[in-house]
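Each chain gets a letter, A, B and so on, in the order its sequence line appears, and its residues count up from 1. Because only heavy atoms are used, hydrogens play no part in the values below, and waters and symmetry mates are left out as well, while side chains stay in.
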Protein chains: 2
Amino acid sequence: MEAALGSKHLNQTEKALIGLRSMIMAGRFKTGQRLPEIAVSEQLGISRTPLRQAMDRLVAEGLLDRISTGGCRVARFTKEDIADAIQIRGVIEGTAARMAAERGADPDLLAHAKSILSQIDTALSESGGIDFDAYVSANRAFHDIIAHLSGSALMIRELERMAQLPLASPSAFLSDQELIPDFQESLKHAQRQHRTILEAIENREGSRAEALAREHARLALMNFNYLTEQKPALAKNVPGLALLTEK
Amino acid sequence: MEAALGSKHLNQTEKALIGLRSMIMAGRFKTGQRLPEIAVSEQLGISRTPLRQAMDRLVAEGLLDRISTGGCRVARFTKEDIADAIQIRGVIEGTAARMAAERGADPDLLAHAKSILSQIDTALSESGGIDFDAYVSANRAFHDIIAHLSGSALMIRELERMAQLPLASPSAFLSDQELIPDFQESLKHAQRQHRTILEAIENREGSRAEALAREHARLALMNFNYLTEQKPALAKNVPGLALLTEK
DNA sequence: GCTTTCAAAATTGTATACAATTATTTTTAT
DNA sequence: ATAAAAATAATTGTATACAATTTTGAAAGC
């Protein structure tokens with residue numbers, strides 16, 4: 001029997017995937033330049049075969065681009081690309097919310113969603129200030145469960161994919177409290193939105209659930225715009241922003 | 001210099017991809033059973049390495065599922081899965097239309113879109129009846145250009161991906177004129193929708209463009225439902241329907 | 001001095017051999 | 001005869017060697 005959480009026996013391909021992704025996110029490769037397989041494989045201590053497999057997956061994810069003449073390079077993301085990614089994720093998540101409302105969500109999942117809301121409440125009202133890590137992880141769980149409430153396997157997969165895209169994740173800008181103005185208020189606002197979204201789903205109000213989920217994504221978009229326009233220096237703290245390039 | 005259209009020098013991986021996809025679509029593998037790499041590679045006349053690469057890509061596309069104990073199997077799609085795929089594609093395409101309208105589409109692309117509409121008109125009004133192949137190809141081009149009108153590279157990629165999913169493509173049910181009732185009228189109805197979508201984009205009516213594109217996808221959904229519920233026998237003619245399984 | 005041409009070096013794409021796992025069959029015990 | 005255990009066969013995962021391209025650099029020509 002396998003361990004339920006983490007600690008699975010990773011094979012070489014999975015190791016390569018994790019290692020490569022973190023190298024890319026950290027900006028270890030010059031963007032626009034082909035990334036050399038032999039050098040990387042030696043650096044990761046694996047052979048080229050599983051490395052290339054991992055590269056293929058990252059191409060599918062959109063983190064790497066295939067070069068016509070052979071090999072891959074790190075993808076370049078403009079501010080517009082990232083804004084689009086956030087918006088598209090919001091639209092798809094809105095559709096998940098609408099599906100959940102129209103079709104009627106599974107009661108067990110709904111109960112679970114409510115308990116996640118409580119977890120977020122707790123994280124926000126710790127005596128010594130906000131429990132930041134707890135918030136991020138519960139926030140992620142909430143967005144994940146919205147996908148599952150839709151009852152659509154395809155929807156779950158698509159939202160998982162979208163969350164992988166750099167900076168499109170619902171928690172992408174929550175990595176550093178200093179980054180965003182009125183930070184605590186922003187988190188509480190987001191949590192109020194979470195609650196209304198879930199209420200709309202529970203009340204079977206499809207269109208409303210969809211609109212609210214989209215509105216929720218606009219918060220992430222606003223944070224992103226603020227970050228890149230007002231605090232470009234601090235923005236470097238956000239993992240994945242190393243991939244951001246000028247138009 | 002490379003040939004602009006088709007006939008590129010395919011490498012082994014691309015050959016494997018094409019071959020495997022058609023084998024899968026044709027239902028050559030028992031669903032739910034692991035597909036054997038050596039046998040398939042011999043059948044395609046390529047070695048295992050590029051075949052495995054192709055398999056990885058098909059996993060990313062969703063046509064194959066990875067098996068925990070090793071290897072892949074052909075994915076199973078229920079009617080609900082396919083209905084969801086059509087709906088989600090409609091939502092994303094709607095977002096593309098809205099983006100195009102709100103941001104203002106490129107004039108050259110708009111002109112091209114109009115010429116595609118004319119092509120569809122021509123295909124529909126051939127003296128000897130509808131020019132079916134011309135319609136399908138122009139229809140595909142129209143949906144492709146909607147993605148490009150959005151001006152978002154990510155959007156273009158996502159819609160390309162969605163179109164690959166079995167039966168989510170806008171032309172998926174146009175493979176056989178016998179399948180759908182009032183076939184000619186259905187095509188003309190779709191073409192009227194194409195025109196209104198483009199008009200909304202041109203007039204910068206974002207919400208309207210989005211709603212119209214969604215409505216357009218509902219036509220595909222209705223055709224699918226009609227097909228599976230009323231004419232299950234004829235449905236076998238539709239490529240990809242071999243993957244359809246019971247709940 | 002700059003471009004073009006050709007050769008050398010480096011890198012990717014493919015095949016294959018081997019190791020690690022998983023599936024199947026045979027054997028053995030109850 | 002059935003079930004458990006062990007051995008065997010088959011299959012996937014990984015490494016590596018080789019072939020085909022592409023890139024780089026040097027020499028030659030203008």
Side-chain angles (χ1 to χ4, degrees), chain A residues 1-4 6-21 23-24 28-76, chain B residues 1-4 7-21 23-24 28-75:
Chain A
M1 179 176 161
E2 273 294 345
S7 85
K8 273 198 312 184
H9 223 290
L10 305 165
N11 58 20
Q12 300 298 85
T13 303
E14 282 158 346
K15 272 195 237 171
L17 231 169
I18 295 171
L20 230 191
R21 194 184 278 137
M23 285 170 88
I24 292 171
R28 295 269 293 277
F29 303 104
K30 291 139 199 153
T31 63
Q33 205 165 330
R34 175 162 71 183
L35 66 84
E37 296 178 2
I38 45 311
V40 175
S41 76
E42 281 169 8
Q43 226 163 327
L44 291 172
I46 56 170
S47 81
R48 277 180 59 219
T49 306
L51 171 63
R52 296 185 102 237
Q53 220 176 332
M55 285 167 62
D56 279 343
R57 296 203 198 168
L58 291 182
V59 167
E61 268 183 27
L63 220 62
L64 295 177
D65 281 335
R66 230 174 275 285
I67 300 176
S68 62
T69 116
C72 300
R73 85 184 110 198
V74 175
R76 306 162 73 107
Chain B
M1 178 176 164
E2 272 295 345
S7 83
K8 274 197 314 186
H9 221 288
L10 304 165
N11 57 21
Q12 300 297 84
T13 303
E14 283 158 344
K15 271 195 237 171
L17 231 168
I18 295 171
L20 230 191
R21 194 184 278 138
M23 282 170 88
I24 293 171
R28 296 269 294 276
F29 302 104
K30 291 139 199 151
T31 63
Q33 204 165 330
R34 176 162 72 182
L35 66 83
E37 297 178 2
I38 46 312
V40 175
S41 75
E42 280 169 8
Q43 225 163 329
L44 292 172
I46 56 172
S47 82
R48 275 180 60 219
T49 305
L51 171 64
R52 296 185 102 236
Q53 220 176 333
M55 283 167 63
D56 279 342
R57 297 203 197 167
L58 292 182
V59 168
E61 270 183 27
L63 220 61
L64 295 178
D65 281 336
R66 230 175 274 287
I67 300 176
S68 63
T69 124
C72 299
R73 85 184 110 197
V74 175

| query | Nearest-Å distance, CG (A/Leu51) to C1' (C/dT12)? | reply | 12 Å

| remark: note: A/Ile38, atom CD1; D/dT23, atom C1'; distance rounded to Å ~ 13 Å

| Can you find a donor-acceptor N/O pair under 3.5 angstrom joining the side chain of A/Thr49 to the base of D/dT16? | yes

| request: Among the candidates D/dA15, C/dA15, D/dT14, find the nucleotide nearest to the side-chain atoms of B/Ile46. | output: C/dA15

| Roughly how many Å is it from CD in B/Glu37 to P in C/dA15, rounded to a whole number? | 14 Å

| task | Kindly give the heavy-atom pair with the smallest separation between A/Gly19 and A/Leu44, and that separation in Å. | result | CA-CD2, 3.9 Å

| request: Could you pull out the closest heavy-atom pair between B/Arg66 and A/Arg57, with the gap in Å? | output: CZ-NH2, 3.3 Å

| Most 5' of A/Ser68 and A/Ser47 on DNA chain D, judged by nearest nucleotide | A/Ser47

| Donor-acceptor contact below 3.5 Å, side chain A/Gln33 vs main chain A/Lys30 | no

| remark: Ranking D/dT16, D/dT12, C/dA15 by distance to the side chain of A/Arg48, first place goes to D/dT16

| remark: From CG of B/Asn11 across to C1' of C/dA15 the rounded distance in Å is 14 Å

| When we call it a touch if two heavy atoms are under 4.0 Å apart, what does A/Ile67 touch: a base, just sugar-phosphate, or nothing? | nothing

| Rounded to whole angstrom units, what separation is found between the CZ atom of A/Arg34 and the C1' atom of D/dT24? | 11 Å

| Between B/Gln53 (CD) and C/dA15 (C1'), how many Å, whole number? | 13 Å

| query | What's the shortest heavy-atom distance between B/Gln53 and A/Asp56, and which atoms? | reply | CG-OD2, 2.7 Å

| request: Output yes when at least one side-chain N/O atom of B/Thr69 is less than 4.0 Å from OP1 or OP2 of C/dT21, else no. | output: no

